[in-house]
Amino acid sequence: MAPHFALVDVNNFYVSCERVFNPRLEGVPVVVLSNNDGCAVARSNEAKALGIPMGAPWFQMRELARRHRVRVLSSNYELYGDMSGRVVAILRAFSPDLEVYSIDESFLDVAPVLALHGGGSSLGQAIRHRIRQWVGLPVCVGLAPTKTLAKLANHLAKRHPGFGGVCDWAALPAPEQAAWMSGVGVGEIWGVGRRLEPKLQALGLHTVRDLCRADADFLQARFGVVLARVASELRGMPCLDLDTLAEPRQQIIVSRSFGHPVAALAPLQEALAMHAAHAAEKLRADGSVAAAVQVSLHAHPFRTGERHEGAVTLPQPTDDTRLLIRAVRAAAARLYREGCTYRKAGVLLFGLSARERPQGELFDFGEAGRERSARLMAVMDGINRAYGPDTLRSAASGLERPWRMRSGRRSPRYTTCWEELPVVS
DNA sequence: TCTGGGGTCCTAGGACCC
DNA sequence: TCTGGGGTCCTAGGACCC
């Protein structure tokens, strides 16, 4: 059976999560900031209408926001992650063939259940209704025979109220499809970014329709196979499959800007120890081990761009937090330069492989040591899952932690923390 | 003064092999 | 003067996504 894709995407996801628990945010401009309160990463429609762009540095927007009484929030990833999980659980009941594409978007292959729901449009409405009723979030649904067209349909459903939040591309008559394609700029397409857009425009390819009708061999020769696939998908020929099983990651990055600049080695090492511990948690969640770790220290990213980086190959691949912390502390001591003021530090784990088949046994702890390590890590992960992140952590990550990122306007963790449950009075 | 964080895939070029 | 053909693996850089 040919696939029929549905792309379900939550509108202004972070802002919508905040509105579920704080109805006073309805109808007014709301912005959610990135980590360290740096950039605007989510905007309500009212905030978009004020001209606040995605990714805008917040200090540049502050005056505008004050004038228009924009409600500003720090990001609350614990809340958004939990809400995302609830949406995915609902979607799985509609179709088990599901790919979680990002925190607020999933693709489903709905071909087998389309008839059951009386067609794409009513299936889309059923999804919208259930997510609204059970979780409180507004979503839009785009349906089409390829993922790229489903993205396009979703884009139309979001922007044109006439669709009622659901656009079933295949149900539109051909002349209407052509008209919609002519109305969307080439830069809006999934797979065409900031670099490609001007190059395509210079060749006279301005709209989705132009790209759709461009010669496939020409696109392939000029821009590579990625863009050629995009064009094929727009013509209705599926090139991208549903990725239903989440493959373990190939690399794991944890990095954060500091709330305040850091000049001394000790706090740098604390921050890196915490990042290493968080990276190791993700590593174990994937069932992987890392062969190498890279540490990076960033000085003045927007002025000199100065950055000190160094990689360490571990004696053997590991997922043990203690060994990773030891490695990043040593690397930091080597990279650190006296007199330098640092803004950000990061840990990258790479050379990842599955834990079941460790590579190289020559200088191992031996079987007993490996088992002790695995048990200890499992206990630590269990405690932190049950009682919250960082409940049990290495002393190497510091006690005061003055370098921690700014997050002064974070809403309560309504759904994941007993002390912060919403109270109805 | 102040600018996030975490990923993926593809391509070209070099090293190396027979 | 003139120097094959086919492959793999790795890395860096560039593009994209949210």
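Given the structure is predicted, the values throughout are model-derived calculations rather than measurements. A, B, ... follow the sequence lines: proteins, then strands. Residue 1 opens every chain.
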Hey, does the side chain of A:Ser255 come within less than 4.0 Å of B:dG6's phosphate (OP1/OP2), counting only N and O? yes
Taking 4.0 Å as the cut-off, does a side-chain nitrogen or oxygen of A:Lys199 come that near to OP1 or OP2 on C:dA15? yes
Using atom CG of A:Leu348 as one end and atom P of B:dT8 as the other, report the distance to the nearest whole Å. 11 Å
Residue A:Tyr77, side-chain atoms from C-beta onward, closest of B:dG4, B:dT11, C:dC18: B:dG4
Under 4.0 angstrom, heavy atoms only, what part of the nucleic acid is A:Gln60 near: base, sugar-phosphate, or nothing? nothing
Establish, with yes or no, whether the OP1 or OP2 oxygen of B:dC2 is under 4.0 angstrom from a side-chain nitrogen or oxygen of A:Arg406. no
A:Ser44-A:Arg71 side chain donor-acceptor pair, cut-off 3.5 Å: no
Looking at A:Ser34, I'd like to know whether one of its side-chain N or O atoms comes within less than 4.0 Å of OP1 or OP2 on B:dT3. no
Choosing from B:dG7, C:dC18, C:dC16, which nucleotide comes nearest the side chain of A:Ser102? C:dC18
Are the charged groups of A:Lys158 and A:Glu105 less than 4.0 angstrom apart, N to O? no
Presence of salt bridge, A:Lys151 and A:Glu233, under 4.0 angstrom: no
Report the residue (A:Arg249 or A:Cys39) whose heavy-atom-nearest nucleotide on DNA chain B is the more 5′ of the two. A:Cys39
I'd like to know if the side chain of A:Tyr336 reaches the main chain of A:Ala263, judged simply by a donor and an acceptor atom lying under 3.5 Å from each other, with no hydrogens or angles considered. yes
Please, what dot-bracket string fits DNA chain B when only Watson-Crick and G-U pairs with both distances under 3.5 Å count, crossing ones use [ ] and pairs to another strand use |? ....||||||||||||||
Is any side-chain N or O of A:Lys151 closer than 4.0 Å to OP1 or OP2 of C:dC18? yes
Looking at A:Arg385 and A:Asp381, is there a salt bridge between them, counting it only when a charged N and a carboxylate O are closer than 4.0 Å? no
Charged tip of A:Lys147 within 45° of A:Phe107 ring normal and under 6.0 Å: yes
Should A:Arg343 be listed as having a side-chain N or O under 4.0 Å from OP1 or OP2 of B:dT3? no
Is the distance from OP1 or OP2 of B:dC10 to the nearest side-chain N or O of A:Arg229 less than 4.0 Å? yes
A:Ile189 near the nucleic acid: base, sugar-phosphate alone, or nothing, with a heavy-atom cut-off under 4.0 Å? sugar-phosphate
Sticking with atom P, work out how far C:dC18 lies from B:dT3, rounded to a whole angstrom. 25 Å
